[in-house]
Amino acid sequence: MRNIFIISGPSGAGEDSIISALEKLFPTERVVTTTTRQMRTGESEGNPYHFLSREAFQEKIKAGEFFEYAEEDNHQLYGTTHREIGRIKNVKKVVLWKMDYQGVITMKKILPEAVSILIMAPLDILEQRIRRRENVTDDFVKGRLKHAQGWFDNRNIFDYEVENEQGRFDETIQKIAAIIKEHTALA
């Protein structure tokens with residue numbers, strides 16, 4: 001499954017924007033992750049997540065239904081079910097999988113052929129981007145920046161690192177598109 005590309009980065013790195021831009025360049029399929037966080041405006045079941053209560057998520061953990069899962073900085077659980085892996089296993093498109101660094105650590109062990117791309121930005125830029133979001137508190141920002149340290153501490157686990165420089169989004173997309181082209185004939 002060399003067509004699987006993990007896109008990972010701390011809050012504010014721009015992973016969602018990058019994935020949306022890549023979807024315009026390649027025939028893609030997203031891995032739909034399951035989460036315990038609340039659905040946001042513009043989201044629906046299965047787009048971009050499957051939404052479960054914490055209790056239902058924990059029941060699925062006990063039942064062995066998750067391929068991988070982690071608790072993220074917002075104290076919400078995120079994971080990918082074996083069923084979802086089965087769905088994307090034979091997809092003949094570029095598969096994009098957004099994942100926390102903890103998930104990447106797990107994935108490198110159980111799915112080493114997946115290509116992992118770390119999206120980074122300096123800490124001060126991450127903070128600026130997080131603060132531009134609606135309804136953020138200082139505690140929220142501190143929590144996100146504290147969790148961001150996990151990406152900085154584990155950057156060596158990634159196959160590639162691309163900086164999403166302020167004001168150079170198109171260049172960032174070009175760099176990531178080149179990585180995808182290098183690894184698959186599907187692009």
Side-chain angles (χ1 to χ4, degrees), residues 1-22 26 28-37 48-49 57 61 64-82 84-85 88-89 91 94-127 129-130 142-166 168-169 171-184 186-187:
M1 296 197 300
R2 276 306 267 184
N3 62 324
I4 296 178
F5 296 87
I6 298 170
I7 306 295
S8 184
S11 186
E15 319 95 295
D16 290 320
S17 297
I18 287 167
I19 289 171
S20 293
L22 292 171
F26 302 107
T28 62
E29 186 75 29
R30 276 193 197 200
V31 173
V32 181
T33 302
T34 301
T35 184
T36 58
R37 80 158 173 76
Y49 296 101
F57 196 106
I61 291 171
E65 293 183 34
F66 281 100
F67 186 73
E68 61 80 30
Y69 66 92
E71 184 169 349
E72 293 192 10
D73 62 314
N74 56 6
H75 304 292
Q76 301 298 328
L77 296 166
Y78 291 79
T80 308
T81 62
H82 289 287
E84 180 65 4
I85 294 298
I88 59 103
K89 202 171 195 174
V91 168
V94 172
V95 175
L96 299 174
W97 195 345
K98 181 182 170 187
M99 187 180 297
D100 180 275
Y101 75 90
Q102 297 167 87
V104 176
I105 292 169
T106 301
M107 292 308 297
K108 295 308 282 182
K109 295 173 187 165
I110 57 179
L111 196 64
E113 64 272 20
V115 178
S116 58
I117 304 169
L118 171 59
I119 310 301
M120 287 299 278
L123 213 48
D124 62 323
I125 298 296
L126 295 175
E127 182 175 357
R129 291 175 182 168
I130 294 167
K142 286 177 190 173
R144 291 294 171 112
L145 293 177
K146 182 179 178 186
H147 191 61
Q149 192 60 47
W151 278 272
F152 287 96
D153 293 345
N154 290 286
R155 61 192 339 154
N156 63 321
I157 65 165
F158 291 87
D159 298 312
Y160 295 92
E161 180 175 334
V162 177
E163 185 171 341
N164 186 10
E165 295 181 58
Q166 196 70 13
R168 296 182 170 218
F169 185 73
E171 290 176 34
T172 300
I173 297 305
Q174 289 173 11
K175 289 175 186 175
I176 297 168
I179 293 167
I180 291 171
K181 288 177 184 175
E182 177 183 332
H183 287 278
T184 181
L186 300 174

Check: M99 main-chain N/O paired with S8 side-chain donor or acceptor under 3.5 Å | yes

Side-chain (H82) to main-chain (F66) donor-acceptor, under 3.5 angstrom = yes

Determine whether more than 12 heavy atoms belonging to other residues, nucleotides or ligands lie under 6.0 Å from atom CZ of R168.
-> no

Worked verdict on T172 versus E163 for side-chain contact (heavy atoms from CB on, under 4.5 Å) | CA-CA 7 Å; T172 300; E163 185 171 341; over 6 Å; no

Can you tell me how far the [atom1] atom of [X] sits from the [atom2] atom of [Y], to the nearest 0.5 Å?
X	Y	atom1	atom2	value
E84	E65	CD	CD	13.0 Å
Y78	T35	OH	OG1	4.0 Å
E15	I6	CD	CD1	13.0 Å
L77	T34	CG	OG1	10.5 Å
Q102	N154	CD	CG	9.0 Å
I157	I105	CD1	CD1	4.5 Å

Modelled atom types, side-chain donor and acceptor of Q149 and Y101, under 3.5 Å = no

Does a donor on one side chain and an acceptor on the other come within less than 3.5 Å for S116 and D159?
-> yes

Taking only residues two or more places apart in sequence, or in another chain, which ones meet [X] in a side chain to side chain donor-acceptor pair (under 3.5 Å)?
X	answer
D16	K98
K142	none
T80	E68, W97

Side chain to side chain, [X] and [Y], heavy atoms closer than 4.5 Å:
X	Y	result
R30	P48	yes
M107	F67	yes
I61	Y69	yes
E71	Q76	no
V94	N3	no
M120	V162	no
L123	L145	yes
V91	I4	no

Tell me, with the steps shown, if H147 and D100 meet side-chain contact (heavy atoms from CB on, under 4.5 Å).
-> CA-CA 10 Å; H147 191 61; D100 180 275; 2.9 Å; yes

Candidate list V115, I119, L118, I176, test side chain to side chain contact (heavy atoms under 4.5 Å, CB included), partner Y160, passing option = V115

Specify the closest pair of heavy atoms between [X] and [Y], including all atoms of both residues, with the distance to one decimal.
X	Y	value
R129	A121	NH1-CB, 3.7 Å
S11	L126	O-CD2, 3.6 Å
F57	G79	CZ-N, 3.7 Å

Stepwise side-chain contact (heavy atoms from CB on, under 4.5 Å) test for T81 and I85 | CA-CA 7 Å; T81 62; I85 294 298; over 6 Å; no

Quick one: do I180 and F26 satisfy side-chain contact (heavy atoms from CB on, under 4.5 Å)? Show the steps, please.
-> CA-CA 9 Å; I180 291 171; F26 302 107; 3.9 Å; yes

